[in-house]
Amino acid sequence: MTGRLALLALVYGGIAGLVAALVFAGMTWLQEIVWGASGALLGESPLQIVLTILLGGILLIVLDRAAPTEDLQTLLEQSRDPDALPRRAVATTALSAIVAVAFGGAIGPEAGIIAVVAQLSTIVAHLIGEDVEMRKMIGQAGSAGALGGFYGSPPGAAAIDGDELGPGKALQFAAALAGFFVFLGVTKLVTGGGGAQITLPPIDAGYSDPWLLGVAVVAAAAGLAFRGLHHGLERLVGRLRRPWLIIGLGTIVFGLLAAVVPLVRFSGHHELHDLLVLTETGAWATLLVVAVAKILAVAVCLASGWRGGEFFPLVFIGSAIGGAVAVGVPGLEIGAAMATGMAATVAVGWKRPLAVLLILILLIDIPVALPLIIGAGVGFFVNLLGRKRPVEAEAA
């Protein structure tokens with residue numbers, strides 16, 4: 001039985017990687033179409049940005065009336081059990097997430113990818129799932145294969161669902177590995193690229209600087225700010241209880257913010273090049289403004305129904321902070337500072353330090369192990385302190 005499950009995990013993980021690659025390519029293509037068409041009609045201007053985002057918000061309101069949508073964490077939890085998956089809500093979430101990415105939401109495409117793969121997992125589980133264990137394995141393998149391909153890190157994808165070891169974790173890793181190779185191959189065929197790799201300025205192997213710890217602390221604070229703002233907005237919108245109003249207000253705020261700071265749009269992966277330009281020109285104040293604006297934009301989008309992931313937006317925020325510190329500290333390597341910043345911000349904001357380390361160490365195109373360990377390590381201790389605080393409060 002174990003051998004059959006392992007083979008099924010490999011095969012289905014590869015299929016999930018294929019689906020993830022095609023969905024990601026389609027979302028990217030649709031995003032280019034939307035912004036290309038709006039640019040042709042309205043020109044590259046703040047008005048274009050506001051109107052395009054408002055149109056996306058209107059579409060999200062229409063889709064939400066068909067069925068309530070789910071956030072990424074809920075999707076990942078639901079995909080573990082295809083038998084209990086709310087198929088209509090997941091289908092609506094897939095469409096909403098595609099719209100959110102296409103119309104410039106400050107979120108990553110993970111929600112759309114996972115929603116599509118979850119729907120496929122339900123079909124496959126019902127067709128070939130002989131028992132509950134096999135059907136649940138299919139759901140977990142689908143998510144692992146999709147994320148292993150998208151993040152370019154099979155061990156990182158397996159660690160997202162917890163870092164405990166066991167047979168189930170081995171199956172998730174096998175699925176993620178298969179999804180990674182298929183995603184990479186399909187992406188090269190479809191787009192000519194190699195996936196979502198992050199390019200940073202080169203640094204010396206084993207480079208270290210005491211200032212990297214300072215970068216990590218500031219970047220971790222940015223991760224905490226995101227978590228606090230996101231939680232506060234979630235509580236606020238929970239009182240409104242009218243989805244169309246929540247989406248509408250969030251869209252207006254996000255649209256106005258994007259008109260003032262256009263770099264807050266999109267996931268932030270492709271916009272990392274703009275941060276490098278700002279860093280090399282010494283624009284530390286602009287980098288900090290962009291980081292703060294991105295924190296607000298991501299929190300607003302996630303809280304108001306723009307479905308997506310926060311991984312790459314948090315990478316963008318941490319990179320901006322690392323670049324700003326590198327400008328102010330003579331001799332501090334830009335690549336090392338940005339790597340440390342992104343690791344710390346994502347480790348705290350995403351609350352998965354081990355997965356962050358395993359993903360970034362493979363996703364970044366240069367060897368930056370020590371800066372990443374410093375950033376993820378600081379993030380780990382910040383998360384640890386955050387978990388202890390409620391316990392101490394209860395004891396008092």
Side-chain angles (χ1 to χ4, degrees), residues 2 4-27 69-95 97-98 108-162 166-187 195-196 307-309 311 352 355 359:
T2 303
R4 291 181 61 193
L5 287 178
L7 179 61
L8 181 58
L10 281 169
V11 173
Y12 188 61
I15 293 173
L18 169 64
V19 173
L22 295 177
V23 172
F24 179 52
M27 294 168 87
T69 58
E70 307 287 2
D71 58 31
L72 179 58
Q73 183 58 39
T74 303
L75 283 173
L76 288 172
E77 293 171 358
Q78 291 175 340
S79 64
R80 298 172 190 166
D81 186 6
D83 289 335
L85 193 74
R87 298 183 63 177
R88 182 174 180 180
V90 173
T92 306
T93 300
L95 293 174
I98 291 170
E110 296 97 318
I113 292 172
I114 292 298
V116 172
V117 171
Q119 288 284 2
L120 178 63
S121 297
T122 302
I123 297 171
V124 173
H126 287 165
L127 287 176
I128 66 173
E130 297 176 357
D131 51 36
V132 173
E133 180 185 9
M134 181 177 287
R135 289 194 291 273
K136 288 186 176 181
M137 189 281 298
I138 289 171
Q140 292 175 339
S143 297
L147 294 179
F150 176 71
Y151 289 137
S153 173
I160 288 173
D161 197 28
K169 187 61 64 179
L171 292 174
Q172 286 181 335
F173 176 74
L177 189 66
F180 165 73
F181 284 115
V182 173
F183 186 99
L184 187 64
V186 172
T187 301
R307 300 306 186 191
F311 180 84
R352 295 179 176 94
I359 291 172

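- At least one donor-acceptor pair closer than 3.5 Å links the side chain of R352 to the backbone N or O of I160.
- Distance alone, capped at 3.5 Å, places no donor-acceptor pair between the K136 side chain and the P82 backbone.
- The closest donor-acceptor contact from the side chain of Q119 to the backbone of R87 lies under 3.5 Å.
- With F150 as reference, I113 is the one residue of T187, I114, I113, V23 to meet the side chain to side chain contact (heavy atoms under 4.5 Å, CB included) rule.
- The minimum heavy-atom distance linking I128 with M134 is given by the pair O-SD, 3.4 Å.
- The aromatic rings of F311 and Y151 sit tilted, their planes meeting at an angle between 30° and 60°.
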Yes or no on side chain to side chain contact (heavy atoms under 4.5 Å, CB included) for L171 and M137, after CA distance, side-chain angles and deciding distance? CA-CA 8 Å; L171 292 174; M137 189 281 298; 3.8 Å; yes
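- Residues V186 and V182 are in side-chain contact: their nearest non-hydrogen atoms beyond the backbone lie under 4.5 Å apart.
- Rounded to the nearest 0.5 angstrom, Q172 CD and Q140 CD are separated by 5.0 Å.
- Here OG1 of T69 is found 9.0 Å from CG of L75. Values are rounded to the nearest 0.5 Å.
- Judged by distance alone, with hydrogens and angles left aside, the side-chain atoms of S79 form a donor-acceptor pair with the main-chain N or O of L76 at under 3.5 Å.
- Under the side chain to side chain contact (heavy atoms under 4.5 Å, CB included) rule, V117 has a single partner from V19, V90, T122, L147, which is V19.
- Shown here for A157 and A144, the closest heavy-atom pair between the two residues is CB-O, 3.8 Å.
- For I138 against A125, the heavy-atom pair with the smallest separation is CD1-CA, 3.8 Å.
- Checking side-chain atoms of R307 against main-chain N and O of L72 turns up no donor-acceptor pair under 3.5 Å.
- Side-chain contact between P155 and F173: present, with at least one pair of heavy atoms (C-beta onward) separated by less than 4.5 Å.
- Note: S143 OG to Q78 CD = 10.5 Å, rounded to the nearest 0.5 Å.
- Shortest non-hydrogen contact noted between A141 and A16 is O-CB, 4.5 Å.
- Residue E70 comes nearest to T93 through the heavy atom pair N-OG1, 2.9 Å, listed as atom of the first residue, atom of the second, then distance.
- The shortest non-hydrogen separation linking F180 to P154 is CB-CG, 3.7 Å.
- Counting heavy atoms from C-beta outward, L120 and Y12 have side chains that approach closer than 4.5 Å.
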